[in-house]
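Chain identifiers are assigned alphabetically (A, B, ...) following the order of the sequence lines, protein sequences preceding nucleic acid strands; residue numbering begins at 1 within each chain.
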There are 2 protein chains.
Amino acid sequence: MPRPPRYDADVLLDAALELLVTQGARAVSAAAVARRAGVPSGSLYHRFPSRDALLAALWLRTVEAFQAEFGAHLRGSEPLRAARQAAVSVLTWTRAHPEQAQLLLRFRLADLLDGALPAEAKARARALRGAAEEGLRAFAQRLGLPEERVRFALVHVPYAAARASLTRGEVPPTSVDGLVEETVDALLGRPRPARRRVR
Amino acid sequence: MPRPPRYDADVLLDAALELLVTQGARAVSAAAVARRAGVPSGSLYHRFPSRDALLAALWLRTVEAFQAEFGAHLRGSEPLRAARQAAVSVLTWTRAHPEQAQLLLRFRLADLLDGALPAEAKARARALRGAAEEGLRAFAQRLGLPEERVRFALVHVPYAAARASLTRGEVPPTSVDGLVEETVDALLGRPRPARRRVR
DNA sequence: GCGATATTAGAGAGCCCTCTCTATAATCAC
DNA sequence: GTGATTATAGAGAGGGCTCTCTAATATCGC
């Protein structure tokens, strides 16, 4: 039997994530990741065939984690309630995993890579995209509302709310949860009888 | 008198923008910008002291253009109407200047740079940020609503709507204008009597 | 034409990065 | 212990990038 591994692939992905959110995409070189993780470059390339493959793995690991949670909420029983919960879960997840959230909010997969997406990663990416599309489509149907409207309310609005804080290096305050729920209600539910004018 | 310039600085900024939106931040090297613009690298460095200075100049040129328009709408007479117009102007501007919009939507200034923001750019950036903050603060006061709510409705929601299309390489369809106005009304105005359930 | 001035033009020093390659080490079945 | 297998470890080839430096060039006032 073989020599046991000394470094976990996740150690490298974690290092890459840290570099990415603190220093930006240009700072994430395979060499920098290896240095930061305290791993010889040879060992890095033993696990990942290329820098692009490493970045793709980081991206996919993160999207998978996020979508698992968001999707679970969408499948909840009462639709409007599920919608609110899914939307707010974006903020909750962001608070629980600020670095991962930054990765998703600030970068596109293609922007992290130098070349084309490695074939193996492409399959994983397509599966994820498919699952997300399908989940949203099904949910829109349950609500009886156009997909565009549902996507706007559940994806882009919470996204914007999370992004607002993250770009300032903070975590979204709980006060925006209310704004997001209110927006979801306004777009997907019956209009609220009277809006409280907070001031 | 001196020899007349042969290249305009904007030619370089345009080339950088094109590289940025089509290839991502990592692709925008000073060398690549010069190649793309058909300018010798020496001439590039004659205009910009460093790659970072060039990228900062591109960013600032773009933010200034965007804010000029957004700010003008905010100063419109009837507040709720001004709010709707400002919010929708984000989408209009995005359609008129898709590449510039992508720059603002997809990248943060710091992510484009390798090092710290050059001092000269820092002053310009601070001025811009100050003007934006002040404009929003004043508008929130006119509306008599909390700044956070106004920022969410006028900045982040339209931002999200624009981003939705741009990340797919498209320009926002006019159909989202309605969603944005509806959201602005719901968050800043009196609730609409009855929402039309489109389907 | 002639200096003064600003700009072009491009070669190349030095640096970092990606990725490869080879030598070495650790584990297990027998 | 031996062989098979899988990792580690790190040096270095080759390439691109940033930025500098020098030589050449275009314009103007006189």
Side-chain angles (χ1 to χ4, degrees), chain A residues 1-16 18-20 22-59 109-121, chain B residues 1-16 18-20 22-59 109-121:
Chain A
M1 270 248 183
R3 172 174 182 171
R6 176 165 170 183
Y7 311 109
D8 192 282
D10 281 318
V11 166
L12 290 163
L13 298 188
D14 293 342
E18 241 182 82
L19 279 174
L20 188 63
T22 57
Q23 319 249 60
R26 284 180 61 87
V28 190
S29 65
V33 170
R35 265 197 308 273
R36 177 147 200 141
V39 170
S41 72
S43 297
L44 184 155
Y45 279 97
H46 182 70
R47 290 193 172 56
F48 299 99
S50 68
R51 176 193 170 280
D52 280 0
L54 185 152
L55 270 289
L58 169 61
W59 172 270
L109 175 50
D111 291 341
L112 303 178
L113 310 179
D114 281 333
L117 188 60
E120 175 240 13
Chain B
M1 269 249 178
R3 169 174 184 170
R6 176 167 172 181
Y7 312 109
D8 193 281
D10 281 319
V11 166
L12 291 163
L13 298 187
D14 292 343
E18 242 182 80
L19 279 173
L20 187 63
T22 57
Q23 319 248 61
R26 283 180 62 87
V28 189
S29 64
V33 170
R35 265 196 308 274
R36 176 145 201 145
V39 170
S41 72
S43 297
L44 184 153
Y45 279 97
H46 183 68
R47 291 193 170 54
F48 299 98
S50 67
R51 176 193 170 279
D52 280 0
L54 185 153
L55 271 289
L58 170 60
W59 172 270
L109 175 51
D111 291 342
L112 303 177
L113 309 179
D114 281 333
L117 187 59
E120 177 239 13

Round to a whole Å and report the spacing from [atom1] of [X] to [atom2] of [N].
{"X": "B:R26", "N": "D:dT18", "atom1": "CZ", "atom2": "P", "result": "12 Å"}
{"X": "A:D8", "N": "D:dA7", "atom1": "CG", "atom2": "C1'", "result": "14 Å"}
{"X": "B:R36", "N": "D:dC17", "atom1": "CZ", "atom2": "P", "result": "14 Å"}
{"X": "B:Y45", "N": "D:dT22", "atom1": "OH", "atom2": "P", "result": "18 Å"}
{"X": "B:D114", "N": "C:dC16", "atom1": "CG", "atom2": "C1'", "result": "11 Å"}
{"X": "B:L12", "N": "D:dT18", "atom1": "CG", "atom2": "C1'", "result": "15 Å"}
{"X": "B:H46", "N": "D:dA24", "atom1": "NE2", "atom2": "C1'", "result": "14 Å"}
{"X": "B:Q23", "N": "D:dG16", "atom1": "CD", "atom2": "P", "result": "15 Å"}

So which nucleotide from [options] ends up closest to the side chain of [X]?
{"X": "A:P5", "options": "D:dA7, C:dG10, C:dC17", "answer": "D:dA7"}
{"X": "B:R35", "options": "D:dC17, D:dT18, D:dT8", "answer": "D:dC17"}
{"X": "B:R51", "options": "D:dT8, D:dT18, C:dA11", "answer": "D:dT18"}
{"X": "B:A31", "options": "D:dC17, D:dC19, C:dC17", "answer": "D:dC17"}
{"X": "A:R6", "options": "D:dA26, C:dT18, D:dA9", "answer": "D:dA9"}
{"X": "B:P2", "options": "C:dT5, D:dC17, D:dA26", "answer": "C:dT5"}

Within less than 4.0 Å of OP1 or OP2 of D:dA7, is there a side-chain N or O belonging to A:R47?
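Looking at the OP1 and OP2 atoms of D:dA7, neither is under 4.0 Å from any side-chain N or O of A:R47.
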When you measure from the side-chain N and O atoms of A:S43 to the phosphate of D:dA7, is any distance below 4.0 Å, counting only OP1 and OP2?
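Result: no.
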Both A:P49 and B:Y7 contact DNA chain C. Which one's nearest nucleotide lies toward the 5' end?
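On the 5' side of the pair lies B:Y7.
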Contact class for B:S50 vs. all strands (heavy atom < 4.0 Å): base, sugar-phosphate, or nothing?
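It contacts sugar-phosphate atoms only.
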Would a distance-only check, ignoring hydrogens and angles, find a side-chain to backbone donor-acceptor pair under 3.5 Å from [X] to [Y]?
{"X": "B:R47", "Y": "B:L12", "answer": "no"}
{"X": "B:D52", "Y": "B:D114", "answer": "yes"}
{"X": "A:R36", "Y": "A:D14", "answer": "no"}
{"X": "A:R6", "Y": "A:S43", "answer": "no"}

Go through the N and O atoms of the side chain of A:R3 and the base of D:dT5, and report whether any donor-acceptor pair is under 3.5 Å.
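By the distance-only test, no, there is no pair.
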With heavy-atom distances below 4.5 Å as the criterion, would you say the side chains of B:L112 and B:V28 are in contact?
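Of all side-chain heavy-atom pairs linking B:V28 with B:L112, none is under 4.5 Å.
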Assign each of A:G38 and B:G42 to its nearest nucleotide of DNA chain D by heavy atoms, then name whichever residue's nucleotide is nearer the 5' end.
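So the residue in question is A:G38.
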